[in-house]
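Here the structure is laid out as structure tokens; the discussion comes afterwards.
Letters go in sequence order (proteins before strands), and every chain restarts at 1.
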Protein chains: 2
Amino acid sequence: MSPARAAAASSPGPVEVSAAQGRIIAAALDLFARHGVGGTSLQMIADEIGVTKAAVYHQYSTKDAIILAAAEAELSRLEAVIDAAEAERAPRLARDALLSGIVALAVARRRTVATILSDPVIGAFFAEDDRFRRVMHRLRRMLVGDEVGPEARVRTAMLIAAISGAVTHPFVAGLDDEALRAQLLRLGRRFLGLPA
Amino acid sequence: MSPARAAAASSPGPVEVSAAQGRIIAAALDLFARHGVGGTSLQMIADEIGVTKAAVYHQYSTKDAIILAAAEAELSRLEAVIDAAEAERAPRLARDALLSGIVALAVARRRTVATILSDPVIGAFFAEDDRFRRVMHRLRRMLVGDEVGPEARVRTAMLIAAISGAVTHPFVAGLDDEALRAQLLRLGRRFLGLPA
DNA sequence: GTCTATAGTGCGATAGAC
DNA sequence: GTCTATCGCACTATAGAC
């Protein structure tokens with residue numbers, strides 16, 4: 001099987017969603033962040049949108065399908081940031097564009113990003129998802145280049161965890177988005193050894 | 001029981017637990033890490049220990065009480081690390097001891113630490129828990145001193161998120177505890193501007 | 001695309017025996 | 001400290017009307 005074919009089999013690029021599906025995904029992400037994936041029922045999602053459970057089932061035939069759709073929707077946002085960064089010619093510029101993009105994404109979606117990356121149920125889905133693995137691989141490659149040792153692994157894991165985890169931390173609850181974004185970018189650059 | 005009520009009822013100081021209660025807490029922490037708090041039922045906890053639900057209820061009369069006991073047990077480990085670090089005379093030594101202790105704790109309890117700090121259900125309990133707030137305050141004070149600006153807040157949040165989040169990241173799944181600990185400590189020191 | 005109605009399962013929680 | 005047995009409820013999921 002060709003790479004293109006394998007990719008199409010596991011997850012076909014940008015996933016199209018109807019308006020009704022978009023409402024379900026948005027409601028699900030919000031509720032996942034507030035109650036966890038396991039603590040969110042289809043009834044809660046239906047109530048949030050203002051329809052019945054059966055209407056939700058008409059769009060996604062299982063709860064797992066909703067979890068997957070919500071996780072992939074959030075993953076797509078990260079993919080778009082990576083795509084934009086890779087369009088930069090110089091590796092140095094690409095890396096800085098990636099960092100800026102990740103920080104902006106994490107701040108703009110404070111409540112959802114951390115949930116997607118830390119919820120054990122979504123983690124189980126992503127652990128076997130080729131698309132997720134490809135995204136993480138591209139991320140690491142752009143951040144630390146071709147290094148593969150323990151130092152590079154830990155450094156990348158710490159940077160991603162620091163950005164995604166810090167935005168929901170109680171310490172920064174009172175900060176407005178712009179102040180948070182600026183500090184995250186500055187400290188992230190310093191962590192990577194980039195010019196501030 | 002609402003989180004607010006449970007937090008108000010929580011006692012300061014070390015909480016004594018019987019052998020049976022200890023088994024429940026250990027099983028609960030393990031299951032919370034694997035399925036999330038909302039995705040863990042009392043039946044799952046009972047099965048893990050090898051008793052019935054009623055036996056679990058005899059120790060903790062609600063599921064919330066189990067969640068609270070498990071979260072506080074993990075919080076106590078962090079408190080012990082802070083206590084030990086504060087015993088150091090020089091602030092510089094205290095800060096380095098704290099960092100080493102946090103890193104060692106996060107690595108030793110890879111699976112549970114991230115869950116406790118990131119699960120939204122536990123977050124709701126901690127948000128109104130004075131003991132948790134005191135621990136976080138002591139943590140920040142030792143790490144960044146008396147600074148209170150956005151930079152100090154974001155820096156502390158990033159460090160805690162980086163350490164607790166990195167230990168469960170897929171990038172470091174293949175690393176043994178000692179290698180992970182050494183790298184986390186080195187990069188953590190560098191992030192704080194301490195001598196390596 | 002949304003509804004009502006319902007099946008079958010597992011949930012948190014309780015009562016009372018040993 | 002653990003058991004059996006049970007209650008009432010919420011859950012995922014399905015069938016069929018509009």
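- Using a 4.0 Å cut-off between a side-chain N of Lys or Arg and a carboxylate O of Asp or Glu, B:E128 and B:R133 do not qualify as a salt bridge.
- Using a cut-off of 4.0 Å between Lys/Arg side-chain N and Asp/Glu carboxylate O, B:D83 and B:R138 are scored as salt-bridged.
- A salt bridge links A:D30 with A:R34: the distance from a Lys NZ or Arg NE/NH1/NH2 to an Asp or Glu carboxylate oxygen falls below 4.0 Å.
- For the pair B:R134 and B:E79, the salt-bridge criterion is not met [side-chain N within less than 4.0 Å of a carboxylate O].
- Contact footprint of chain A on DNA chain D: nucleotides with an atom under 4.0 Å from a non-hydrogen protein atom, first to last in 5' to 3' order, D:dC11 to D:dA15.
- We find that A:E147 and A:R140 are not joined by a salt bridge, their nearest charged nitrogen and carboxylate oxygen being 4.0 Å or further apart.
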Can you check nucleotides 5-11 of chain C for protein contacts, nitrogen or oxygen pairs under 3.5 Å, and list what you find?
unit_1, atom_1, unit_2, atom_2, d
C:dC11, OP1, B:S41, OG, 2.9

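- Along DNA chain D, the nucleotide nearest A:D64 and the nucleotide nearest B:V51 are compared for position; the residue whose nucleotide lies closer to the 5' end is B:V51.
- For the atom pair CE (B:M136) and CD1 (B:I160), the distance works out to 5.0 Å, reported to the nearest 0.5 Å.
- Side chains of B:R131 and B:S76: a donor-acceptor N/O pair is present below 3.5 angstrom, by distance only.
- Taking the six-membered ring for Trp and thresholds of 30 and 60 degrees, B:F191 and A:F191 have ring planes more than 60 degrees apart, a perpendicular arrangement.
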